Amino acid sequence: MSSFNQSSAQPSTWRRFASPLYFERFAKRGAVVAWSIAIVLGLIGCVYGFLFAPLDAVQGNSYRIMFLHVPSSWMAMIIYVAMAFWSIIYLVWRTHTSILLVRAMAPTGALMCLLSLLSGAIWGKPTWGTYWVWDARLTAMLLLLFLYLGLIALLQSIRSEQRANLVAALWSIVGVVSVPIIYFSVIWWNTLHQGASITMSRGISIHPDMLYALLFMSFAAWAYAIGMILARARWLLLNKYAHSDWAQQIILAKEGH
């Protein structure tokens with residue numbers, strides 16, 4: 001009997017996140033916590049990356065751009081996968097908070113994708129002698145940026161909220177096929193882009209201090225992205241329910257009235 005009660009109570013716990021009021025409180029606190037973690041981890045990552053990590057035998061100091069390039073590249077792909085996941089949740093259960101998360105993720109994903117391309121160009125100049133080549137991974141990442149920007153443009157242009165939500169969900173699900181193409185491009189095609197330094201088959205092929213810097217910066221990127229997504233989702237939520245009593249109380253309290 002007790003096991004039945006526990007199992008039946010668990011779904012209701014998760015369903016609380018579908019409540020706009022509960023999600024607003026969670027997003028407000030979660031964003032602050034995530035940003036605080038991002039600042040701490042980012043500072044530690046910079047210390048390891050610029051003070052402890054040694055010179056690279058081939059690239060010298062120019063390799064240090066990877067502490068921005070690699071985390072932003074990972075986050076650009078992870079966020080799009082998360083968008084596809086929450087889009088499926090929305091299509092199955094029609095929860096408004098799910099599609100709000102999709103809407104909130106798109107600008108942060110586009111930012112991470114842009115940072116990946118710009119930092120890659122800076123890295124490419126001393127390494128390849130040019131800022132850009134039509135390499136398979138670079139081209140696939142550029143396509144991912146277009147997917148993000150296309151989704152943002154569609155959400156701005158479609159006036160019907162219901163239709164915009166449906167388009168956002170389908171766009172996210174269909175576009176997620178680009179993520180494995182980006183990840184496996186260096187394996188499937190002969191590209192200039194170097195392979196991964198951390199793999200299951202070969203293990204870790206970089207200096208420990210480089211690894212620590214990369215991990216700290218990667219977790220900082222995670223925390224920053226989570227904080228931005230929660231803050232933007234909360235803003236979208238308050239705009240959606242602006243005429244409700246609970247939302248008006250939050251807005252007035254924020255304005256100091």
Side-chain angles (χ1 to χ4, degrees), residues 45-46 49-50 53-85 105-154 171-207 209-222 224-225:
C46 287
F50 291 99
L55 286 173
D56 184 79
V58 178
Q59 301 181 42
N61 277 316
S62 64
Y63 85 93
R64 299 183 196 275
I65 194 70
M66 82 170 183
F67 301 133
L68 174 63
H69 176 70
V70 174
S72 59
S73 301
W74 285 347
M75 289 312 304
M77 293 186 287
I78 291 170
I79 290 174
Y80 208 98
V81 172
M83 285 170 52
F85 170 79
M105 287 178 187
T108 302
L111 173 62
M112 291 295 174
C113 203
L114 182 61
L115 285 175
S116 171
L117 290 169
L118 291 177
S119 59
I122 296 172
W123 194 357
K125 181 60 176 177
T127 305
W128 301 332
T130 181
Y131 290 108
W132 178 266
V133 292
W134 290 101
D135 176 88
R137 175 163 285 184
L138 272 66
T139 305
M141 184 62 75
L142 181 62
L143 174 61
L144 184 63
L145 177 61
F146 289 156
L147 286 171
Y148 275 121
L149 296 178
L151 176 56
I152 294 171
L154 284 172
W171 185 281
S172 301
I173 294 171
V174 173
V176 78
V177 70
S178 63
V179 174
I181 294 175
I182 296 172
Y183 185 80
F184 291 108
S185 59
V186 295
I187 300 175
W188 292 343
W189 295 288
N190 183 21
T191 69
L192 289 174
H193 199 288
Q194 70 183 62
S197 299
I198 305 172
T199 62
M200 295 295 291
S201 58
R202 298 194 306 266
I204 301 170
S205 59
I206 58 176
H207 190 278
D209 286 331
M210 296 179 183
L211 174 64
Y212 297 149
L214 184 58
L215 291 177
F216 277 118
M217 293 301 290
S218 297
F219 289 131
W222 267 92
Y224 167 80

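Because the structure is predicted, anything quoted here is derived from the model rather than measured.
Minimum heavy-atom separation, Ile173 to Ala84: CG1-O, 3.9 Å. Here the shortest heavy-atom pairing between Asp209 and Ala53 reads CB-CA, 3.9 Å. Here the shortest heavy-atom pairing between Ser172 and Leu151 reads OG-CD2, 3.9 Å. The minimum heavy-atom distance between Met217 and Cys46, with the atom names listed, is SD-N, 3.9 Å. Heavy atoms only, all atoms of each residue included: Phe216 and Gly45 are closest at CB-CA, 3.6 Å. The two residues Asn61 and Arg64 come nearest to each other via the heavy atoms OD1-NE, 2.8 Å.
No donor-acceptor distance shorter than 3.5 angstrom exists from the side chain of Tyr148 to the backbone of Leu114, with no hydrogens or angles considered.
The CG atom of Leu138 sits 5.0 Å away from atom CH2 of Trp128, with the distance rounded to the nearest 0.5 Å. To the nearest 0.5 angstrom, Met75 atom CE is 12.0 Å from Cys113 atom SG. Interatomic distance, Thr139 OG1 to Ile182 CD1, rounded to the nearest 0.5 Å: 10.5 Å. Here the OG atom belonging to Ser178 is positioned 5.5 Å from the CG atom belonging to Leu143, to the nearest 0.5 angstrom. With rounding to the nearest 0.5 Å, the separation of NE2 in His69 from CG in Leu115 is 11.0 Å. Taking CD1 of Ile65 as the start and OG of Ser72 as the end, the distance is 8.5 Å to the nearest 0.5 Å.
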Evaluation steps, side-chain contact (heavy atoms from CB on, under 4.5 Å), between Tyr63 and Ile206: CA-CA 12 Å; Tyr63 85 93; Ile206 58 176; over 6 Å; no

For the pair Leu142 and Trp132, evaluate side-chain contact (heavy atoms from CB on, under 4.5 Å) and give the outcome as yes or no after the intermediate values. CA-CA 11 Å; Leu142 181 62; Trp132 178 266; 4.1 Å; yes

For a side-chain contact (heavy atoms from CB on, under 4.5 Å) check, start with the C-alpha distance between Gln59 and Trp123, then their side-chain angles and the critical distance, and finish with the verdict. CA-CA 9 Å; Gln59 301 181 42; Trp123 194 357; 2.5 Å; yes

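Contact annotation: the side chain of Trp222 approaches that of Ile78 to within less than 4.5 Å [non-hydrogen atoms, C-beta and beyond]. Proximity of Pro54 to Met210: side-chain heavy atoms (C-beta onward) are separated by under 4.5 Å at one or more points. Counting only heavy atoms from C-beta outward, the side chains of Tyr80 and Met112 never approach each other to under 4.5 Å.
Ser116 and Ser73 are linked by a side-chain donor-acceptor pair at a separation below 3.5 angstrom, with hydrogens and angles left out of the test.
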